[in-house]
Amino acid sequence: MKPLMGATTPPRRAKRQRGLTLIELMIAVAVGAILLALAAPSFQQALGKNRLSSAASELTGAVQLARAEAIRNNRRVTLCRSEDGSACSAGSSSWPGWIVFVDTDSDGVRDSNEPVVKAGTFDSPLRALSSASLTSAGERITFRGDGTARAANGQSLMTGTLSVCLAANDPAENVRDVSLAFGSRTAVRRRNAAGACSTPSDS
(Lines give C-alpha, C1' and ligand atoms only; values in the text may rest on other atoms or scores of the structure.)
Protein backbone atom coordinates (compact mmCIF):
# COMPACT_ATOMS: atom_id res chain seq x y z
CA MET A 1 0.00 0.00 0.00
CA LYS A 2 1.42 3.37 -1.03
CA PRO A 3 1.80 6.03 1.66
CA LEU A 4 -0.53 9.03 1.44
CA MET A 5 0.71 12.23 -0.15
CA GLY A 6 2.61 14.34 2.35
CA ALA A 7 2.88 11.55 4.90
CA THR A 8 6.36 10.87 6.23
CA THR A 9 7.84 7.39 6.51
CA PRO A 10 9.20 6.66 9.98
CA PRO A 11 12.99 6.24 9.95
CA ARG A 12 14.37 2.70 10.15
CA ARG A 13 16.37 1.79 13.15
CA ALA A 14 20.00 1.13 12.37
CA LYS A 15 21.16 -2.35 13.28
CA ARG A 16 23.69 -2.38 16.06
CA GLN A 17 27.11 -3.72 15.00
CA ARG A 18 28.28 -6.06 17.72
CA GLY A 19 32.07 -6.63 17.89
CA LEU A 20 34.19 -9.02 19.95
CA THR A 21 34.49 -8.35 23.61
CA LEU A 22 37.93 -8.28 25.20
CA ILE A 23 37.35 -11.68 26.81
CA GLU A 24 36.26 -13.26 23.49
CA LEU A 25 39.33 -11.80 21.79
CA MET A 26 41.64 -13.19 24.48
CA ILE A 27 40.05 -16.64 24.15
CA ALA A 28 40.50 -16.58 20.35
CA VAL A 29 44.17 -15.60 20.69
CA ALA A 30 44.77 -18.35 23.26
CA VAL A 31 43.14 -21.00 21.05
CA GLY A 32 45.20 -19.81 18.06
CA ALA A 33 48.41 -20.01 20.08
CA ILE A 34 47.62 -23.59 21.17
CA LEU A 35 46.88 -24.69 17.61
CA LEU A 36 50.10 -23.06 16.39
CA ALA A 37 52.15 -24.81 19.10
CA LEU A 38 50.65 -28.16 18.10
CA ALA A 39 51.28 -27.59 14.38
CA ALA A 40 54.88 -26.26 14.66
CA PRO A 41 56.67 -29.64 15.20
CA SER A 42 54.84 -31.21 12.24
CA PHE A 43 55.72 -28.24 10.06
CA GLN A 44 59.41 -28.41 11.06
CA GLN A 45 59.50 -32.14 10.36
CA ALA A 46 57.90 -31.70 6.93
CA LEU A 47 60.28 -28.85 6.10
CA GLY A 48 63.33 -30.93 7.10
CA LYS A 49 62.18 -33.93 5.06
CA ASN A 50 61.56 -31.74 2.05
CA ARG A 51 65.01 -30.14 2.26
CA LEU A 52 66.74 -33.51 2.53
CA SER A 53 64.75 -35.09 -0.27
CA SER A 54 65.26 -32.14 -2.63
CA ALA A 55 69.03 -32.01 -2.05
CA ALA A 56 69.39 -35.80 -2.40
CA SER A 57 67.34 -35.80 -5.60
CA GLU A 58 69.43 -33.02 -7.09
CA LEU A 59 72.66 -34.80 -6.16
CA THR A 60 71.43 -38.10 -7.61
CA GLY A 61 70.47 -36.29 -10.79
CA ALA A 62 73.97 -34.78 -10.97
CA VAL A 63 75.63 -38.22 -10.70
CA GLN A 64 73.33 -39.64 -13.37
CA LEU A 65 73.90 -36.61 -15.59
CA ALA A 66 77.69 -37.00 -15.35
CA ARG A 67 77.44 -40.64 -16.39
CA ALA A 68 75.05 -39.90 -19.26
CA GLU A 69 77.28 -37.10 -20.57
CA ALA A 70 80.35 -39.36 -20.41
CA ILE A 71 78.59 -42.01 -22.51
CA ARG A 72 77.12 -39.47 -24.94
CA ASN A 73 80.43 -37.66 -25.55
CA ASN A 74 82.66 -40.73 -25.09
CA ARG A 75 84.79 -38.56 -22.82
CA ARG A 76 85.52 -38.37 -19.13
CA VAL A 77 82.98 -36.35 -17.19
CA THR A 78 83.60 -35.48 -13.54
CA LEU A 79 81.36 -34.65 -10.60
CA CYS A 80 83.53 -32.99 -7.96
CA ARG A 81 83.46 -30.95 -4.78
CA SER A 82 83.50 -27.21 -5.50
CA GLU A 83 83.64 -24.12 -3.35
CA ASP A 84 83.02 -21.55 -6.11
CA GLY A 85 80.88 -23.37 -8.70
CA SER A 86 83.73 -23.16 -11.20
CA ALA A 87 86.66 -25.34 -10.11
CA CYS A 88 87.14 -28.58 -8.21
CA SER A 89 88.46 -28.29 -4.67
CA ALA A 90 89.70 -31.23 -2.62
CA GLY A 91 90.99 -31.36 0.93
CA SER A 92 87.78 -31.90 2.87
CA SER A 93 85.04 -34.52 2.96
CA SER A 94 82.49 -31.76 3.59
CA TRP A 95 81.05 -30.45 0.32
CA PRO A 96 79.76 -26.85 0.18
CA GLY A 97 78.80 -27.41 -3.45
CA TRP A 98 79.58 -29.39 -6.60
CA ILE A 99 80.09 -29.11 -10.35
CA VAL A 100 79.78 -31.50 -13.28
CA PHE A 101 82.23 -30.79 -16.11
CA VAL A 102 83.51 -32.43 -19.28
CA ASP A 103 87.15 -33.34 -18.65
CA THR A 104 88.36 -32.98 -22.24
CA ASP A 105 92.03 -33.66 -21.51
CA SER A 106 91.33 -36.31 -18.84
CA ASP A 107 93.58 -34.68 -16.25
CA GLY A 108 90.95 -34.42 -13.50
CA VAL A 109 91.23 -30.62 -13.41
CA ARG A 110 88.64 -28.28 -14.86
CA ASP A 111 90.35 -25.93 -17.33
CA SER A 112 88.83 -22.70 -18.63
CA ASN A 113 87.93 -24.30 -21.95
CA GLU A 114 86.12 -27.25 -20.34
CA PRO A 115 82.41 -26.54 -19.91
CA VAL A 116 80.57 -26.85 -16.60
CA VAL A 117 77.49 -28.90 -17.41
CA LYS A 118 75.77 -28.26 -14.09
CA ALA A 119 76.54 -26.85 -10.63
CA GLY A 120 74.84 -26.84 -7.25
CA THR A 121 75.27 -25.92 -3.58
CA PHE A 122 74.23 -27.27 -0.19
CA ASP A 123 72.63 -24.47 1.76
CA SER A 124 72.69 -24.32 5.57
CA PRO A 125 71.50 -26.11 7.68
CA LEU A 126 72.18 -29.00 5.29
CA ARG A 127 75.62 -30.63 5.15
CA ALA A 128 77.07 -32.97 2.53
CA LEU A 129 79.81 -35.45 3.40
CA SER A 130 81.71 -37.94 1.25
CA SER A 131 82.93 -41.43 2.11
CA ALA A 132 86.57 -42.53 2.15
CA SER A 133 86.68 -43.76 -1.45
CA LEU A 134 85.59 -40.36 -2.80
CA THR A 135 88.08 -38.57 -0.55
CA SER A 136 90.85 -40.87 -1.83
CA ALA A 137 89.84 -39.97 -5.38
CA GLY A 138 90.24 -36.24 -4.69
CA GLU A 139 86.60 -35.63 -3.72
CA ARG A 140 85.34 -36.55 -7.17
CA ILE A 141 83.57 -39.16 -9.23
CA THR A 142 84.85 -39.45 -12.80
CA PHE A 143 82.90 -41.43 -15.36
CA ARG A 144 84.64 -42.78 -18.42
CA GLY A 145 83.20 -43.13 -21.90
CA ASP A 146 81.93 -46.62 -21.07
CA GLY A 147 79.78 -45.17 -18.24
CA THR A 148 81.83 -46.52 -15.32
CA ALA A 149 83.63 -44.68 -12.51
CA ARG A 150 86.89 -46.06 -11.14
CA ALA A 151 88.39 -45.95 -7.66
CA ALA A 152 91.56 -44.00 -6.85
CA ASN A 153 93.74 -46.91 -8.04
CA GLY A 154 92.23 -46.54 -11.51
CA GLN A 155 91.46 -50.25 -11.70
CA SER A 156 88.56 -51.32 -9.50
CA LEU A 157 85.04 -50.00 -9.99
CA MET A 158 84.16 -47.23 -7.56
CA THR A 159 81.84 -47.81 -4.64
CA GLY A 160 81.19 -44.75 -2.50
CA THR A 161 78.64 -42.54 -0.81
CA LEU A 162 77.74 -38.88 -0.65
CA SER A 163 75.43 -38.18 2.27
CA VAL A 164 73.19 -35.17 2.78
CA CYS A 165 72.34 -34.63 6.42
CA LEU A 166 70.49 -32.35 8.80
CA ALA A 167 71.98 -32.08 12.30
CA ALA A 168 68.62 -32.45 14.05
CA ASN A 169 66.45 -35.14 15.62
CA ASP A 170 63.43 -34.05 13.64
CA PRO A 171 62.99 -35.74 11.21
CA ALA A 172 64.29 -38.93 12.80
CA GLU A 173 65.75 -40.11 9.49
CA ASN A 174 68.02 -37.09 9.22
CA VAL A 175 70.36 -38.46 6.51
CA ARG A 176 69.97 -39.27 2.81
CA ASP A 177 72.78 -41.43 1.44
CA VAL A 178 73.38 -41.14 -2.30
CA SER A 179 75.42 -44.24 -3.06
CA LEU A 180 77.35 -45.35 -6.13
CA ALA A 181 77.89 -49.10 -6.55
CA PHE A 182 79.85 -51.09 -9.13
CA GLY A 183 81.01 -47.85 -10.72
CA SER A 184 77.63 -46.97 -12.23
CA ARG A 185 74.56 -47.78 -10.11
CA THR A 186 73.08 -45.00 -8.01
CA ALA A 187 70.60 -45.33 -5.16
CA VAL A 188 69.23 -43.18 -2.34
CA ARG A 189 68.52 -44.52 1.12
CA ARG A 190 67.25 -42.87 4.29
CA ARG A 191 69.18 -43.25 7.51
CA ASN A 192 68.61 -42.40 11.17
CA ALA A 193 71.87 -40.96 12.50
CA ALA A 194 70.41 -39.81 15.83
CA GLY A 195 70.63 -36.15 14.87
CA ALA A 196 74.33 -36.31 13.95
CA CYS A 197 76.23 -35.64 10.72
CA SER A 198 79.21 -37.95 10.25
CA THR A 199 81.33 -39.36 7.43
CA PRO A 200 79.36 -42.13 5.68
CA SER A 201 80.65 -45.58 4.85
CA ASP A 202 81.53 -46.49 1.27
CA SER A 203 78.72 -49.02 0.99
Side-chain angles (χ1 to χ4, degrees), residues 50-167 175-189 197-203:
N50 186 58
R51 281 175 172 166
L52 286 166
S53 297
S54 295
S57 294
E58 188 176 14
L59 187 56
T60 303
V63 176
Q64 293 171 342
L65 174 64
R67 182 171 184 267
E69 286 292 305
I71 296 171
R72 186 172 70 86
N73 294 303
N74 194 27
R75 290 184 181 274
R76 294 193 180 199
V77 176
T78 296
L79 165 69
C80 65
R81 177 186 184 275
S82 180
E83 295 179 355
D84 58 7
S86 177
C88 293
S89 52
S92 171
S93 65
S94 180
W95 289 36
W98 51 266
I99 60 172
V100 174
F101 74 96
V102 180
D103 191 6
T104 307
D105 56 9
S106 302
D107 65 350
V109 178
R110 195 228 155 203
D111 303 314
S112 58
N113 63 328
E114 294 175 331
V116 172
V117 180
K118 196 171 183 181
T121 58
F122 298 102
D123 298 326
S124 180
L126 293 180
R127 288 189 66 197
L129 298 163
S130 61
S131 66
S133 64
L134 272 69
T135 300
S136 298
E139 301 299 344
R140 70 193 67 214
I141 302 171
T142 298
F143 289 98
R144 301 182 179 190
D146 62 359
T148 62
R150 304 280 168 170
N153 61 20
Q155 300 299 318
S156 56
L157 295 173
M158 177 177 274
T159 294
T161 303
L162 273 166
S163 69
V164 182
C165 70
L166 191 61
V175 177
R176 300 291 183 273
D177 288 325
V178 179
S179 61
L180 177 71
F182 305 110
S184 61
R185 296 182 188 175
T186 55
V188 180
R189 62 177 179 268
C197 289
S198 57
T199 302
S201 63
D202 284 328
S203 58

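Minimum heavy-atom separation, S82 to P96: O-CG, 3.6 Å. Among all heavy-atom pairs drawn from S93 and T199, the shortest one is OG-OG1, 4.1 Å. Looking at every heavy atom in both residues, S131 comes nearest to G160 through OG-CA, 3.5 Å. The nearest pair of heavy atoms linking F122 to W95 is CD1-O, 3.2 Å. Residues A62 and V100 come closest through the heavy atom pair O-CG2, 3.8 Å. Minimum heavy-atom separation, A90 to E139: CA-CG, 4.1 Å.
Residues satisfying the side-chain contact (heavy atoms from CB on, under 4.5 Å) criterion with P125, sequence neighbours excluded, are R51, L166. Qualifying side-chain contact (heavy atoms from CB on, under 4.5 Å) partners for S94, counting only residues two or more places apart in sequence or in other chains: S92, R127, L129. A search for side chain to side chain donor-acceptor pair (under 3.5 Å) contacts involving D123 returns T121, not counting sequence neighbours. A119 is linked by a side-chain contact (heavy atoms from CB on, under 4.5 Å) to I99, V116, counting only residues two or more places apart in sequence or in another chain. In terms of the side chain to side chain donor-acceptor pair (under 3.5 Å) criterion, residue partners of S156 (sequence neighbours excluded) are, by chain and number, N153. The side-chain contact (heavy atoms from CB on, under 4.5 Å) search around D177 returns T161, S163, V175, R189, R191, P200, not counting sequence neighbours.
Each side-chain hydrogen bond (donor to acceptor under 3.5 Å, both in side chains) pair with one or both residues in residues 63-81, not counting sequence neighbours, appears once here: Q64-T186, E69-R72, E69-N73, T78-T142, R81-E83, R81-S89. Within the structure, salt bridge (charged side-chain N to carboxylate O under 4.0 Å, His left out) contacts touching residues 100-118 (residues at least two apart or in different chains) do not occur. Sequence neighbours left out, the pairs with a member in residues 75-132 that pass disulfide bond (SG atoms under 2.5 Å apart) are C80-C88.
A distance of 10.5 Å separates CG in L52 from OG in S57, rounded to the nearest 0.5 Å. To the nearest 0.5 Å, atom CG of residue D202 and atom OG of residue S136 are 8.0 Å apart.
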Pairs under 3.5 angstrom only: tabulate donor-acceptor contacts from the side chains of residues 143-150 to other protein residues two or more places apart or in another chain.
residue: R144; atom: NH2; partner: G154; partner atom: O; Å: 3.2
residue: D146; atom: OD1; partner: T148; partner atom: N; Å: 3.1
residue: D146; atom: OD1; partner: T148; partner atom: OG1; Å: 2.8
residue: D146; atom: OD2; partner: T148; partner atom: OG1; Å: 3.3
residue: R150; atom: NH1; partner: Q155; partner atom: O; Å: 2.7

